[in-house]
Amino acid sequence: MNIRELLTQKAQAAMIAAGLPEDTNPALTPSKRAGFGDYQINGAMGAAKKLKTNPRELAQKLVDNLELDGIASEIEIAGPGFINIHLNQDWLADALSTAREDARLGVSVRKNPQTVVVDYSAPNLAKEMHVGHLRSSIIGDAVVRALEFRGDKVIRQNHIGDWGTQFGMLLAHLSDQLAANEIAETALSDLEEFYRAAKKRFDDEEGFADRARDYVVKLQGGDEQCLALWQRFIDISLKHCEEVYEKLNVTLKREDVMGESGYNDDLANVVRELQEQGLAVEDQGAQVVFLEEMKNKEGEPMAVIIQKSGGGYLYSTTDLAAMRYRSFKLDADRIIIFTDNRQSLHFNQIQIVGRQAGFIREETTYEHCPFGMMLGSDGKPFKTRTGGTIKLAELLEEAVERAEKLMSERESDLSESEMKEIARKVGIGAVKFADLSKNRTSDYTFNWDHMLSFDGATAPYLQYAYTRVQSIFRKAGVDAATLTDNIKLEAEQEKALALKLLQFEEVVDQVIADAYPHFLCAYLFELASQYMSFYEACPVLKEGVEPALKNSRLMLCDLVGRTLKLGLDLLGIEVTQQM
RNA sequence: GCGCCCGUAGCUCAGCUGGAUAGAGCAACGGCCUUCUAAGCCGUGGGUCGUAGGUUCGAGUCCUACCGGGCGCGCCA
């Protein structure tokens with residue numbers, strides 16, 4: 001159940017009943033301060049302004065028409081025209097009981113599911129995945145999971161970089177290695193090293209550059225042997241990526257791959273059709289679309305090159321082909337693309353060109369969701385001490401090692417293998433949560449000590465809250481599924497927890513609407529934090545707690561545990577029974 | 001030069017369609033373990049929201065100018 005949506009509908013109905021225009025925004029939000037109820041309607045003031053009437057009187061009229069019998073225990077008008085809604089505790093308790101019986105915790109499946117194409121991760125297969133791919137991979141994956149959970153049809157698209165001139169030199173080098181009896185897997189075990197070696201030969205070795213260019217031509221010409229060699233390279237490189245996805249708990253699979261090469265056959269069509277429509281014209285030998293919507297420095301239309309003067313295609317061509325494929329072939333209602341924000345201009349241009357050319361259905365939204373860079377603690381792009389790029393696989397290994405080290409410093413009766421498994425979940429979770437919990441649009445400062453300190457808003461804190469729930473049930477020897485009593489909300493901590501639990505759905509919806517996983521992170525931290533307060537203030541299994549109260553509290557614990565698990569799962573973070 | 005993003009507590013960050021006294025976490029300081037895992041809880045201090053104007057009942061949020069930082073701007077992606 002989405003309380004916010006429910007109350008918004010009620011408020012809207014009241015506004016219409018009070019004679020306000022149908023499009024009046026009730027501006028209903030969760031109350032920002034204790035004492036102002038649970039939700040507040042702020043729309044009366046805005047509406048009064050438009051109609052030039054007294055806001056308090058209008059608010060009163062609205063309240064008179066507001067039907068919240070059973071839902072609200074008190075509705076009051078405050079200040080210049082705020083309407084504060086206090087929810088009925090019994091209603092909340094009932095809603096919780098209902099939610100508890102549902103595997104989805106009362107989160108409904110969308111009535112009108114959409115088809116959503118999500119383009120994320122998109123590593124360049126010429127090289128190994130590095131930290132630059134982390135954000136796209138995990139932010140995209142979190143959004144994908146949330147969309148699927150709400151019932152949308154999600155089509156993942158891993159737009160890998162598997163095409164382009166650099167593959168000429170890589171294939172030429174690989175061909176030589178194989179000729180020298182090297183095994184492809186071994187030769188490509190370290191892609192960075194392989195790339196460096198190929199690049200060095202390209203720069204230094206006589207004749208090699210020509211051979212590399214020859215390979216590009218053969219590849220693009222569809223030469224079978226060359227394609228087979230290319231496929232071999234792609235397979236091995238992709239396997240490296242899949243190992244990282246596995247470690248990262250990212251859901252991308254082989255069948256989600258739709259790389260640049262997949263659009264190869266359509267690129268000439270894209271250019272031709274743009275020419276036929278008069279959108280693309282020749283300029284300095286290249287095929288260019290001029291955008292009246294965007295002026296450059298001299299006030300002239302900005303140019304988007306869609307075909308190089310030598311006849312080659314660019315990523316703008318590929319992205320246009322991809323747009324058309326996604327909108328028409330995949331029938332997307334939404335196209336969501338996660339890339340770093342340096343590409344914002346590019347995707348703006350693509351959308352303008354694509355819409356003019358009819359490469360995207362009018363109903364399809366085209367949402368470029370940019371994210372900022374990962375910075376080191378010095379505020380500069382996150383690099384190794386020597387200034388090199390940090391391999392993603394190594395970063396993840398370090399996270400697990402650091403978590404292991406921190407765990408070994410504590411007293412514990414866990415076995416070695418249990419510790420290792422927990423360290424893996426904690427280390428990976430820490431890296432992901434630290435990233436996901438920040439607004440994706442701004443740059444983000446990477447800091448090992450912060451994310452693994454185990455203090456504050458971190459994955460380990462949430463995972464620990466989960467283990468506390470599990471621990472209670474272990475100790476109680478009770479199967480949560482067998483609990484049947486009514487939930488009673490008496491202590492402040494219980495009431496706060498109840499409301500928070502029931503806000504899960506609206507948070508998931510927020511994540512989906514704006515592709516912002518940090519809303520869910522903030523929510524889960526607040527939930528865990530409120531559970532910790534509850535845990536301290538409200539004894540469950542201790543002596544003197546009446547059976548009915550004990551059961552009620554156990555049910556709250558159960559709901560917290562399941563909500564944490566589900567929420568973390570939507571973020572791609574694992575939980576553990578013990579820590 | 002033009003465009004996009006950013007500037008909020010010492011640090012890392014929230015702040016949703018403009019709303020009530022700008023919030024968290026870390027760090028600092030003070031309490032709380034014979035009691036469900038102290039990887040925790042409770043409390044205290046800390047802010048001219050980059051600057052200056054403007055719009056209005058109301059601005060961190062919208063508009064304008066400026067300052068500071070990042071990124072981008074025809075044949076890489």
Side-chain angles (χ1 to χ4, degrees), chain A residues 25-33 35-36 40 42-43 45-46 48-49 55 78-82 84 122 124 161 164-166 260 283-288 290 294-299 302-310 312-316 318-319 339-346 348 370 372-373 375 377 379 406-407 410 412 426 434 437-439 441-445 447 449-451 453-458 460-461 463-465 467-468 470-476 510 513-514 516 518-519 521-522 525-526 529 532-533 535-537 539-543 545 553 557 578-579:
Chain A
N25 182 1
L28 182 127
T29 77
S31 297
K32 291 187 176 132
R33 186 176 295 278
F36 293 157
Q40 56 186 71
N42 298 332
M45 292 173 287
K49 187 182 198 167
F82 298 99
N84 296 332
N124 177 1
T165 49
Q166 56 199 337
E260 291 168 0
D283 191 80
Q284 297 170 41
Q287 293 299 319
V288 175
F290 287 100
M294 292 181 167
K295 307 280 188 190
N296 72 358
K297 43 199 162 196
E298 270 83 43
M302 203 173 228
V304 180
I305 298 182
I306 54 162
Q307 185 173 26
K308 295 196 270 190
S309 50
Y313 303 105
L314 301 101
Y315 71 143
S316 46
T318 312
D319 279 326
T339 78
D340 65 273
N341 52 23
R342 286 176 299 197
Q343 296 186 41
S344 293
L345 176 61
H346 163 73
N348 262 329
M373 281 189 294
L375 307 177
S377 300
L406 286 164
M407 282 182 68
R410 296 176 177 279
S412 166
V426 166
S437 61
K438 270 121 204 157
N439 183 328
T441 54
S442 40
D443 290 344
Y444 140 63
T445 311
N447 187 312
D449 296 332
H450 285 185
M451 71 180 72
S453 77
F454 298 180
D455 286 320
T458 62
Y461 179 89
Q463 289 165 323
Y464 177 58
T467 66
R468 280 188 142 182
Q470 302 314 303
S471 171
I472 282 195
F473 280 98
R474 260 199 311 276
K475 185 144 285 189
Q510 258 187 310
D514 305 317
Y516 277 136
H518 78 279
F519 289 132
C521 294
F525 174 69
E526 285 158 19
S529 174
M532 296 290 197
S533 300
Y535 186 93
E536 301 284 337
V540 181
L541 304 178
K542 293 179 185 176
E543 270 185 51
V545 182
R553 287 183 174 166
C557 290
Q578 293 177 69
M579 281 176 86

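We name chains A, B, ... by the order of the sequence lines, and we start the count at 1 in each one.
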Sugar-phosphate, base or nothing in reach of A:Ser437, heavy atoms under 4.0 Å: nothing
Along RNA chain B (nearest heavy atom to each residue), the more 5'-positioned of A:Ser309 and A:Arg342: A:Arg342
Which nucleotide in B:C76, B:C73, B:G15 has an atom nearest any side-chain atom of A:Phe519: B:G15
Rounded distance (nearest 0.5 Å) linking atom CZ of A:Arg553 with atom NZ of A:Lys542: 10.5 Å
Euclidean distance, atom CG of residue A:Asn439 to atom P of B:U61 [Å, nearest integer]: 17 Å
Touch class at under 4.0 angstrom, heavy-atom based, for A:Lys542 against every strand present: base
Polar-atom pairs under 3.5 Å, protein N or O versus N or O of nucleotides 4-11 of chain B: list them with distances, or write none.
none

Pairwise P distance for B:G40 and B:G3, with rounding to whole Å: 48 Å
Given B:U37, B:G70, B:A20, the nucleotide with the shortest approach to the side chain of A:Lys475: B:U37
Euclidean distance, atom CD of residue A:Glu543 to atom P of B:U34 [Å, nearest integer]: 17 Å
Residue-phosphate contact under 4.0 Å: A:Arg410 side-chain N/O, B:A39 OP1/OP2: yes
A:Ser31 vs A:Ile472, nearer the 5' end of RNA chain B by closest nucleotide: A:Ser31
hbond_proxy A:Asn447 side chain to B:U12 base (donor-acceptor, 3.5 Å cutoff): no
Distance-minimising heavy-atom pair for A:Val426 and A:Met579: CG2-CE, 3.9 Å
Sugar-phosphate, base or nothing in reach of A:Leu28, heavy atoms under 4.0 Å: base
Length of the CD-P vector between A:Gln307 and B:C76, whole Å: 13 Å
Sugar-phosphate, base or nothing in reach of A:Gln166, heavy atoms under 4.0 Å: nothing
C1'-based separation of B:G15 from B:C4 [nearest Å]: 22 Å
Rounded P spacing from B:G54 to B:C13 in Å: 34 Å
Sugar-phosphate, base or nothing in reach of A:Gln284, heavy atoms under 4.0 Å: base
Presence of A:Arg468 side-chain N/O under 4.0 Å of B:A39 phosphate oxygens OP1/OP2: no
Which residues share a ring-ring contact (aromatic ring centres under 6.0 Å, His included) with A:Tyr461, sequence neighbours left out: A:Phe525
Atom-to-atom span, CG of A:Asp340 to C1' of B:C76 - whole angstrom: 13 Å
Distance between C1' atoms of B:G70 and B:G50 (Å, rounded): 15 Å
Sugar-phosphate, base or nothing in reach of A:Ala537, heavy atoms under 4.0 Å: nothing
Sugar-phosphate, base or nothing in reach of A:Asn84, heavy atoms under 4.0 Å: base
Residue A:Leu541, side-chain heavy atoms: nucleotide from B:C36, B:A39, B:C16 that is nearest: B:C36
Distances under 3.5 Å between protein N/O atoms and the N/O atoms of nucleotides 57-60 of chain B, please, pair by pair.
from	atom 1	to	atom 2	distance (Å)
B:G58	O6	A:Lys49	NZ	2.7

Rounded distance (Å) that lies between atom P of B:C41 and atom CE of A:Met532: 6 Å
Under 5.5 Å and under 30°: A:Phe82 stacked on B:A20: yes
Sugar-phosphate, base or nothing in reach of A:Pro460, heavy atoms under 4.0 Å: nothing
Sugar-phosphate only, base, or nothing, as touched by A:Ala522 at under 4.0 Å among non-hydrogen atoms: nothing
A:Asp455 versus A:Ser453, side-chain donor and acceptor atoms under 3.5 Å: no
Rounded distance in Å - NZ (A:Lys438) to P (B:C26): 13 Å
Partners meeting ring-ring contact (aromatic ring centres under 6.0 Å, His included) with A:Tyr315 (sequence neighbours left out): A:His346
Atom pair distance, as rounded to whole Å: CZ in A:Phe525 and C1' in B:A24: 7 Å
Nearest to side-chain heavy atoms of A:Ser471, which nucleotide of B:G70, B:G19, B:U37: B:U37
Closest to side chain of A:Arg33, choosing from B:C36, B:G23, B:G74: B:G23
Same-atom distance (C1') from B:U8 to B:U48, integer angstrom: 12 Å
Among B:A39, B:C75, B:G72, the one nearest A:Met579 by side-chain distance: B:A39
Candidate nucleotides B:C41, B:U12, B:A77, ranked by approach to the side chain of A:Glu536 - the nearest: B:C41
Assigned glycosidic conformation for B:C33 [threshold 90° from 0]: syn
Those residues that, when tested against A:Phe519, pass ring-ring contact (aromatic ring centres under 6.0 Å, His included) (two or more places apart): A:Tyr516
Whole angstrom value for the distance that separates P of B:C75 from NE2 of A:His346: 14 Å
Atom pair CG (A:Asn84) and CG (A:Asn42), whose distance is rounded to the nearest 0.5 Å: 8.5 Å
Secondary structure of RNA chain B in dot-bracket form (Watson-Crick or G-U wobble, distances below 3.5 Å, | marking inter-strand pairs): (((((.(..((((.....[...)))).(((((.......))))).....(((((..]....)))))).)))))....
Donor-acceptor pair, side chain of A:Asn447 and main chain of A:Ser377, under 3.5 angstrom: no
Short side-chain N/O contact from A:Tyr461 to OP1 or OP2 of B:C41, under 4.0 Å: yes
Presence of A:His518 side-chain N/O under 4.0 Å of B:G15 phosphate oxygens OP1/OP2: yes
Closest to the A:Thr467 side chain, choosing from B:U37, B:C71, B:G74: B:U37
Separation of the P atoms in B:U21 and B:C29, to the nearest angstrom: 33 Å
Residue-phosphate contact under 4.0 Å: A:Thr165 side-chain N/O, B:C76 OP1/OP2: no
Rounded P spacing from B:U17 to B:G1 in Å: 32 Å
N/O donor-acceptor pair under 3.5 Å between A:Ser437 side chain and A:Cys521 backbone: no
Euclidean distance for C1', B:U44 against B:A52 (whole angstrom): 36 Å
Syn/anti state of B:G40 by chi, 90° boundary around 0: anti
Centroid distance under 5.5 Å and plane angle under 30°, A:Tyr464 vs B:G40: no
Closest listed nucleotide, where the reference is the side chain of A:Pro30 and the choices are B:G70, B:C36, B:C16: B:C16
From B:C41, B:U17, B:G15, nucleotide with atom closest to A:Ser533 side chain: B:C41
